[in-house]
Amino acid sequence: MTGRRKGEQAASGAAGTGTVPAVRTAAEGAAGSAQELEVRYNPADIEARWQERWAAQTGLYAAEPADCGKQKYYVLEMLPYPSGQLHMGHVRNYAIGDALARYMWMQGYNVLHPMGWDAFGLPAENAALKNNTPPREWTRSNIAAMKRQFIRLGMAFDWSTEVTTCLPDYYRWNQWFFLRMYERGLAYRRKSKVNWCPACATVLANEQVVDGCCWRHEDQRVEQRDIEQWFLRITNYAQELLDDLRTMDGWPEKVRTMQRNWIGRSEGAEIAFDIENPEDAPADEGKARRGGTAILPARDGAKTWGKVSVFTTRVDTIYGATSIQLAPEHPLVRQMAAGNAELAQSVAPLLEQQKQAREAGDVGAIEKHGVFTGYYAINPFNGERLPVWVGNYILLDYGTGAIMSVPAHDERDYEFAKKYGLEIRIVVLPRKVGGEAAQNGERESLLPYTEEDSLLINSGPFSSLGCQEAQHKMAAYAAEHGFGKAMVTYRLKDWGISRQRYWGTPIPMLYCETCGIVPVPESDLPVLLPENVEITQQGGSPLGKVPDFVNAVCPKCGGKARRETDTMDTFVDSSWYFYRYTDAKNDKAPFATETVAYWFPIDQYIGGVEHAILHLIYSRFWTKVMRDLGLVKNNEPVERLFTQGMVIKDGAKMSKNKGNVVSPDDMIARYGADATRMYSLFAAPPDRDLDWQEDGVAGVSRFLGRVYRFAAKHGDPAKRSKVPGTVASAASHALIRKLHQTIRRVTEDFGGRWHFNTDIAAIMELVNTLTAAEPQIAAGDIPDAVLAEILRTLTLLLAPFAPFLACELWEQIGESGNLLRAPWPEFDQALAKEEQIEIPVQINGKLRAVVRVDAEASEDMVRDAALANEKIAALLEGKEVVRMVLVPRKLVNIVIK
RNA sequence: GCCCGGAUGGCGGAAUCGGCAGACGCAGCGGACUUAAAAUCCGCAGGCCGCAAGGCCGUGGGGGUUCAAGUCCCCCUCUGGGCACCA
């Protein structure tokens, strides 16, 4: 077993509870004669002492007021859900933010580094069900436990601005915002689908649906039910949310791309097709009509049965449309099936398939099935009559819930047409294949052909136009003739916030028997979440079973009213919590506009990449709404975003849901908080996934021990001379050079790259160089002043990563001020510079030699040095030099024949 | 299925702008110290061939651009995340 066990730490800790480092003689008997004293790095002891000292300093991590004269820096990590235990993903997230906060303090900024709890949510109700603990109690004790862990980890949070979303002083503002949005028409009510378990008689979260069945009733298939729910009109902001992504260059490109795709703007056209009355069909078409696989030619004077609008991004291919496909839930399908039992029966399985795919979360991968309705729709461009089908892959909530199917030029349509034998008609060809010249066989091989840099064929008056030009002209033509128009649609949907749950913010609405929907007056806020509610996860919304809550008086007419019993999505809580930190105790408003104006936008936001879409779009939306309400002046909440990778263990995401969690407490007990935090920064670059390996923590702990022992050994001589001395020996010159190179690397990296793993490696290299110089130190080749400067700087460099040890060293080397506010060291470019550099010499791209030259050597000098090299000279003998590539300060490549 | 990432020694990773592949650490091996162990310190270490000097190969696979490719381009495989009620 490597590493120290708890018992050992306790034993040695007891030996050194004072402020003097624990010093033990190596062995009792021989100790008298042994010169060396063994100094042991004991993180449990050091960290307990500093934790106590920090706890006694109130306001240690508090931000200063706006008029302090310093530049502000708001660094924020995503707030945790209080599950009960920090996991390693948390440790990593907060270690990154904490390092940055500490660095910015040392750079002299006024730093806001707050913390809070995303305290509403489903797990509290699950826990209530399992342990019969009220969600409030469960959450409260989890918060207490996790707060202890944060403090044990030495995280520099200002707890005076702590925000807990399940408390009325926070969630009342959710309600307040909801009312503001309702007034502005941004909150509305409509029917939408939920997962329904008939056995529980309640709504299930997606997470509670396992393979299409209820998590508590394995054999009970989950149904989709339509219920009335509240929505926020995020789609009103779709274009702005999209446009602003262009300006957000402090965000990772991948997140911007994901959001761009999520918003999914597509430009196209909406085209209305008349549907022919089937009873009006000519008798001689009976046979052709039956299968619904063929297009029927245009005919005059057909009577209209109905109309269907389709949205297409490729109106230019409309002459290639060979069917119309409707979503199974499309209202027209219901009408068609009304007097047609056979159709109703065949549509039912399509509906079912789509539901199941939706539950399984792979709607896109659905095995395509379809049914012909018996109806035909008239293509307004050429009068042709297209069979109308119902397809299980058509979704009602995207576009118009109906498409024109163009098999030749759309992959999904192609697949469907092949399967059901529908016609495939080519109307677009590549420019080079072009026109009528190409043979049909050759054309077939191109299908489905979707390139837009192409030409139209067989498209009436639009033939031979380019696709894009045709799209504009055809949309204009449709508008002119009144059957369509150019249109923009978004994939983004309005945000459904109703949850049929207990542990969330009550939605402040009332339903009056006479007045209808009535908002709760602002003066009645907060609508308090009742206590002592039995959590059964059965029989509908828990609040619906609390008569005192449900029964209310209509504020308009004084009559009987029923309170809304749904609560809000917890994403509402996390959409604006970071504003509350700036003014956490305000009981008149969610926050003061001027205070927010000082602190916002957030300079650096740090969190898991799994939040790249939902949380980060909702909170952008919320900011824009608040701006329009006049509450904030910023358009966006976050200036710079950093998405950390996940912590992986044994190939799977480490998370509370997957049960492969490594306990930080265990790591801290064995290796200390510094080593645990530092390992989480050292094991991988922060934006990549991190594979947790306990041996690595032990390695970091060993490194910290080496630093500790070096300082213990040399701290005293360093104390004796704090005046920076002149560089005497070559050895001390080399140490100073390494020191300044290290400062440069770490400082530059904090500037934006954030590869803390390489910074820590650089600090390790510095320490390796130092310990390798022990003989020179012993020989007196390194002046005390140099040693003092190195130790002092090393301590400052470690401060953001290993705060406990850094504070300990700070005192050991005779410093007394607050390390948190000690100025970050500056590097001296001249001192960091190497005098000589190595230049690799290649022949035909293969490394053959390395030459040492002066760092300032000219091109000619480098060339001469390369050619003068024995090995190079030998290899060049008798060869013709075709070319010589000289890259200043990098390499020489000699190309020979 | 769609969208976004990733793949480098036995392992985690480094190489920041196309310029010495493998920094730093882990595990391993050898040595020092010790009665012994732990701890600590020193050294070795991509693969293959070779006593050595040295040579060849090598960044998931295949192709391409270039004096030069882990890095740029095209195609493919595997793998992680998200997909709107987990947070």
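In this text, all values refer to a predicted model and were calculated from it rather than measured experimentally. Any value given below was found using the heavy atoms of this structure, including those in side chains, with hydrogens, waters and symmetry copies removed.
Residue A/Phe682 is classed as a base contact, given a heavy-atom separation below 4.0 Å to a base. Heavy atoms of A/Val895 sit under 4.0 angstrom from primed sugar atoms or phosphate atoms, though from no base atom. Counting non-hydrogen atoms under 4.0 angstrom, A/Tyr679 reaches nothing in the nucleic acid. Residue contacts for A/Leu891: at a heavy-atom cut-off of 4.0 Å it reaches a base atom on one of the strands shown. Looking at heavy-atom distances under 4.0 Å, A/Trp262 makes contact with a base. Counting non-hydrogen atoms under 4.0 angstrom, A/Ile839 reaches nothing in the nucleic acid. A/Pro80 comes within contact range of no nucleotide atom at all, as no heavy-atom separation falls under 4.0 Å. Contact annotation for A/Ile617: no contact, since no heavy-atom pair falls under 4.0 Å across all strands. Among the heavy atoms of the strands lying under 4.0 Å from A/Gln229 is at least one base atom, whether or not backbone atoms are also near. Across all strands shown, A/Ser498 has heavy atoms under 4.0 Å from base atoms, whether or not it also approaches the sugar-phosphate. Residue contacts shown for A/Gln500 include a base, since a base heavy atom lies under 4.0 Å away. Among the protein residues, A/Val841 comes within range of no part of the nucleic acid, since none of its heavy atoms lies under 4.0 Å from any strand. Using a 4.0 Å heavy-atom criterion, one finds that A/Ala612 contacts no nucleic acid atom at all. Base engagement by A/His611 is indicated by at least one non-hydrogen atom pair under 4.0 Å involving a base atom.
B/A7 is paired with B/U77 under the criterion used here, namely a Watson-Crick or G-U wobble arrangement in which both key atom distances are under 3.5 Å. In this structure, B/G43 and B/C29 make a Watson-Crick or G-U wobble pair, each of the two defining distances being under 3.5 angstrom. Pair check for B/A23 finds none; no Watson-Crick or G-U wobble contact set falls under 3.5 Å. Within the shown strands, B/G82 is the pairing partner of B/C2 under the Watson-Crick or G-U definition, both distances less than 3.5 Å. Pairing of B/U16, defined by two Watson-Crick or G-U wobble distances under 3.5 Å, is not identified with any nucleotide. Look at B/G50: it lacks any Watson-Crick or wobble partner with both distances under 3.5 angstrom. A 3.5 Å limit on both hydrogen-bonding distances identifies no Watson-Crick or G-U partner for B/U71. Nucleotide B/A37 forms no Watson-Crick or G-U wobble pair with any nucleotide shown, as no partner meets the under 3.5 Å limit on both distances.
One finds no side-chain N or O of A/Asn757 lying less than 4.0 angstrom from the OP1 or OP2 phosphate oxygen of B/G12. Taking 4.0 angstrom as the limit, A/Arg848 places a side-chain polar atom (N or O) nearer than this to OP1 or OP2 of B/G55. Note on A/Arg753: every side-chain N or O is 4.0 Å or more away from OP1 and OP2 of B/U16. Taking 4.0 angstrom as the limit, A/Asn768 places a side-chain polar atom (N or O) nearer than this to OP1 or OP2 of B/G25. Residue A/Arg688 has a polar side-chain atom (N or O) positioned under 4.0 Å from OP1 or OP2 of B/A7. Listed pair A/Lys871 / B/A53 fails the phosphate criterion, with no side-chain N or O lying under 4.0 Å from OP1 or OP2.
For the residue pair A/Asn261 / A/Arg491, no side-chain donor-acceptor distance below 3.5 Å is found, with atom types taken as modelled. Checked by atom type, the side-chain pair A/Asn93/A/Gln644 shows a donor-acceptor distance below 3.5 Å. A/Gln354 and A/His369 are not linked by any side-chain donor-acceptor pair at a separation below 3.5 angstrom, with hydrogens and angles left out of the test. For the residue pair A/Gln353 and A/Glu367, no side-chain donor N or O sits within less than 3.5 Å of a side-chain acceptor on the partner. Side chain to side chain, A/Ser266 and A/Tyr398 meet the donor-acceptor criterion of an N or O pair below 3.5 Å.
Residue A/Leu847 has its side chain nearest to B/C20 when only B/G19, B/C20, B/G5 are considered. Side-chain atoms of A/Thr257 lie closest to B/C4 of the nucleotides B/A84, B/G12, B/C4. For A/Lys846, counting side-chain heavy atoms from C-beta on, the closest listed nucleotide (B/A14, B/C57, B/G19) is B/C57. For A/Arg883, counting side-chain heavy atoms from C-beta on, the closest listed nucleotide (B/A27, B/A87, B/C67) is B/C67. Comparing B/C85, B/U40, B/G82 by their nearest atom to the side chain of A/Arg702 picks out B/U40. Here B/C41 is the nucleotide among B/G13, B/G80, B/C41 with the atom lying nearest to any side-chain atom of A/Arg709. Distances were taken from every side-chain heavy atom of A/Leu492 (C-beta onward) to each of B/A84, B/C86, B/C11; the shortest belongs to B/A84. In this structure, of B/A87, B/A84, B/C4, it is B/C4 that holds the atom nearest to the side chain of A/Asn261. Taking the side chain of A/Asn893 as heavy atoms from C-beta on, and the options B/C20, B/G5, B/C67, the nearest nucleotide is B/C67. Among B/C86, B/G13, B/C24, the nucleotide with an atom closest to any side-chain atom of A/Glu765 is B/C24.
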**Study point:** Residues A/Glu253, A/Arg260; criterion salt bridge (Lys or Arg N to Asp or Glu O under 4.0 Å); working and verdict
**Key:** CA-CA 10 Å; A/Glu253 190 54 50; A/Arg260 204 172 285 126; 3.8 Å; yes
Exercise for review: Apply salt bridge (Lys or Arg N to Asp or Glu O under 4.0 Å) to the pair A/Arg852 and A/Glu838, showing each step before the final yes or no.
Suggested key: CA-CA 5 Å; A/Arg852 249 193 120 68; A/Glu838 290 186 334; 3.5 Å; yes
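Counting atom types as modelled, A/Arg260 pairs no side-chain N or O with a base atom of B/C3 as donor and acceptor under 3.5 Å. A/Gln842 contributes no side-chain N or O that forms a donor-acceptor pair with the base of B/C20 under 3.5 Å.
The nearest heavy atom of RNA chain B to A/Thr758 and to A/Glu838 marks one nucleotide each, and the one closer to the 5' end goes with A/Thr758. Map A/Leu690 and A/Ala205 each onto its nearest nucleotide of RNA chain B; the residue landing nearer the 5' end is A/Leu690.
When A/Thr570, A/Thr567, A/Asp569 are each tested for a side-chain hydrogen bond (donor to acceptor under 3.5 Å, both in side chains) with A/Arg499, only one passes: A/Asp569. The residue from A/Phe578, A/Trp251, A/Phe642 that alone fulfils the ring pair (Phe, Tyr, Trp, His ring centres under 6.0 Å) condition with A/Tyr605 is A/Phe578.
Ring to ring, A/Tyr393 and A/Phe416 are close: their centroids are under 6.0 angstrom apart.
Taking atom P in both B/G58 and B/A53, one finds a spacing of 23 Å when rounded to whole Å. To the nearest whole angstrom, the two C1' atoms, one in B/C42 and one in B/G47, are 27 Å apart. Comparing the same atom, P, in B/C33 and in B/G10 gives a spacing of 34 Å after rounding to whole Å. B/G13 and B/A7: their C1' atoms are spaced 13 Å apart (whole Å). Atom C1' of B/U65 sits at a distance of 22 Å from the matching atom of B/A15, rounded to the whole Å. Distance noted for atom C1' between B/G9 and B/C57: 14 Å (whole Å).
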